[in-house]
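First the proteins, then the strands, lettered A, B, ... as listed; each starts at 1.
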2 protein chains.
Amino acid sequence: MKESIRSRYEARAKILKAMAHPSRLLIIEELQKKERCVNELTAMVGADTSTVSKHLSVLRNAGLVIDEKRANCIYYTLRCTCILDFIGCVEDVLAAKAEDHKKIMKSCKK
Amino acid sequence: MKESIRSRYEARAKILKAMAHPSRLLIIEELQKKERCVNELTAMVGADTSTVSKHLSVLRNAGLVIDEKRANCIYYTLRCTCILDFIGCVEDVLAAKAEDHKKIMKSCKK
DNA sequence: TTCTTATTTGGCCATATAGCCAAATAGAAA
DNA sequence: TTTCTATTTGGCTATATGGCCAAATAAGAA
């Protein structure tokens with residue numbers, strides 16, 4: 001694989017990797033609804049503040065969210081809402097998987 | 001976070017995680033064009049056969065690809081082509097990031 | 001100033017991952 | 001049968017990740 005090609009795939013992988021965590025997916029979905037500060041997100045995720053803060057920094061580094069200081073909180077916003085579209089596709093994969101599973105169970109019964 | 005909600009996010013995260021690797025993204029893109037056997041993919045990725053085989057098993061476990069034995073090869077196929085749509089979104093994120101970077105560089109020059 | 005409150009960072013540990021090599025497996029060809 | 005080819009699996013090491021706690025930082029409120 002050529003170097004230039006590889007680095008393009010690496011850039012993409014970095015973004016997917018940033019999304020590939022249950023807590024971060026929750027955060028992404030919440031931020032799509034409205035901006036939130038770390039405190040609020042921490043309550044939603046139900047983990048240590050430091051843990052959530054690190055998750056947010058992963059999302060920020062990947063360019064998925066933006067943070068803005070206002071009043072005495074730091075508000076996080078989702079940057080590209082198209083992100084949510086692709087959750088739909090992920091659901092399709094899950095559905096296809098479930099369908100297969102059903103088929104396998106069926107053929108076992110025979 | 002409720003248990004039922006968490007497990008849904010975990011299922012999604014598993015799929016994203018499976019995609020979040022440069023070599024696997026390359027494989028996904030190649031498989032979108034046409035089915036390929038391990039050998040061919042190994043050449044494209046440029047890694048050890050065993051490494052590529054493990055990447056394929058990650059994709060298979062996530063339900064992203066299907067394998068079918070035919071002649072003396074095992075052919076892999078992409079299961080949901082919608083996967084590709086969302087690469088477009090990832091590119092948007094990258095573009096937005098690049099744009100920001102430009103702005104920062106500009107403001108530094110002042 | 002000191003006391004809160006909000007957030008990030010550092011340290012530590014446990015776990016997961018990617019990579020390679022070597023070995024196992026399966027099937028086709030000789 | 002042996003041999004070759006395709007693929008997977010096991011073993012190993014190095015590296016990265018997620019989680020918590022504790023400490024640092026920043027900014028407002030008292």
Side-chain angles (χ1 to χ4, degrees), chain A residues 1 3 5-7 9-28 30-31 34-62 64-77, chain B residues 1 3 5-7 9-28 30-31 34-62 64-77:
Chain A
M1 195 176 353
E3 192 47 48
I5 307 272
R6 167 152 294 272
S7 68
Y9 284 116
E10 269 165 12
R12 290 175 181 180
K14 200 186 157 193
I15 290 176
L16 287 165
K17 208 173 171 186
M19 299 180 66
H21 187 284
S23 303
R24 293 198 288 264
L25 284 176
L26 172 89
I27 292 171
I28 288 170
E30 288 304 323
L31 293 184
K34 62 179 280 193
E35 61 170 17
R36 295 284 191 182
C37 66
V38 186
N39 240 356
E40 294 173 306
L41 293 169
T42 299
M44 289 167 181
V45 171
D48 196 87
T49 318
S50 67
T51 302
V52 174
S53 173
K54 278 173 189 173
H55 282 312
L56 287 167
S57 105
V58 170
L59 292 173
R60 196 183 335 109
N61 286 332
L64 289 164
V65 302
I66 308 173
D67 61 320
E68 190 197 345
K69 190 156 204 171
R70 220 165 55 237
N72 57 342
C73 288
I74 298 182
Y75 288 92
Y76 280 85
T77 322
Chain B
M1 197 177 350
E3 191 46 49
I5 307 273
R6 168 153 293 272
S7 70
Y9 284 116
E10 269 166 12
R12 291 176 182 177
K14 199 186 157 193
I15 291 175
L16 286 165
K17 209 172 169 185
M19 299 179 67
H21 187 284
S23 303
R24 293 199 288 266
L25 284 176
L26 172 88
I27 291 171
I28 287 170
E30 288 304 324
L31 293 185
K34 62 179 280 194
E35 61 171 19
R36 295 285 190 182
C37 66
V38 187
N39 241 356
E40 294 173 304
L41 292 170
T42 299
M44 290 168 181
V45 171
D48 196 86
T49 317
S50 67
T51 302
V52 174
S53 173
K54 279 172 188 172
H55 281 314
L56 287 166
S57 104
V58 170
L59 293 172
R60 196 184 335 107
N61 286 332
L64 290 164
V65 302
I66 308 174
D67 59 320
E68 190 196 347
K69 190 157 206 169
R70 223 166 51 236
N72 57 343
C73 288
I74 298 183
Y75 287 92
Y76 279 84
T77 323

Mind calculating the distance between [atom1] ([X]) and [atom2] ([N]) to the nearest angstrom?
X	N	atom1	atom2	value
B:Asp48	D:dT9	CG	P	15 Å
B:Tyr75	D:dT5	OH	C1'	13 Å
B:Ile74	C:dT25	CD1	P	16 Å
A:Arg60	C:dT7	CZ	P	12 Å
B:His21	C:dT17	NE2	P	11 Å
A:Asn72	C:dC3	CG	C1'	15 Å
A:Lys54	C:dC12	NZ	P	12 Å
B:Arg24	C:dA18	CZ	C1'	9 Å

Answer with base, sugar-phosphate or nothing: what part of the nucleic acid does B:Ala47 contact at a heavy-atom distance below 4.0 Å?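 If one applies the 4.0 Å heavy-atom cut-off, B:Ala47 turns out to touch the sugar-phosphate alone, with no base involved.
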At less than 4.0 Å, is any side-chain N or O atom of [X] found next to OP1 or OP2 of [N]? Yes or no.
X	N	value
B:His55	C:dG19	yes
B:Tyr76	D:dT8	yes
B:Thr51	C:dC20	yes
B:Arg36	D:dA6	no

Within this structure, what is the CG-CZ distance for the pair B:Leu56 and B:Arg24, rounded to the nearest 0.5 Å?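 Separation between the atoms: 10.0 Å.
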CD of A:Glu30 to CD of A:Glu40: how many Å apart, nearest 0.5 Å?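 So the gap between those two atoms works out to 9.5 Å.
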Any chance you could lay out the side chain to side chain contact (heavy atoms under 4.5 Å, CB included) test for A:Val65 and A:Ile27, step after step, and finish with the verdict? CA-CA 10 Å; A:Val65 302; A:Ile27 292 171; 5.6 Å; no
Regarding C:dG27, can its base be found pairing with the side chain of B:Lys69 as donor and acceptor, where the two atoms are less than 3.5 Å apart?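 By the distance-only test, no, there is no pair.
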Looking at D:dG18, does its base get a donor-acceptor pair with the side chain of B:Lys17 below 3.5 Å?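 No, no donor-acceptor pair under 3.5 Å.
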Would you mind telling me which of B:Thr51, B:Val52, B:Asp48 makes a side-chain contact (heavy atoms from CB on, under 4.5 Å) with B:Thr42?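 So, applying the side-chain contact (heavy atoms from CB on, under 4.5 Å) to B:Thr42 and each of B:Thr51, B:Val52, B:Asp48, only B:Val52 qualifies.
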Cut-off 3.5 Å, no hydrogens considered: what does the side-chain donor-acceptor table look like for residues 66-75 of chain A, sequence neighbours left out?
{"residue": "A:Glu68", "atom": "OE1", "partner": "A:Arg70", "partner atom": "NH1", "Å": "3.3"}
{"residue": "A:Arg70", "atom": "NH2", "partner": "A:Glu35", "partner atom": "OE2", "Å": "2.5"}

Which comes earlier along DNA chain D counting from the 5' end, the contact point of B:Asn39 or that of A:Ser50, where each point is its nearest nucleotide?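 The 5'-side residue here is B:Asn39.
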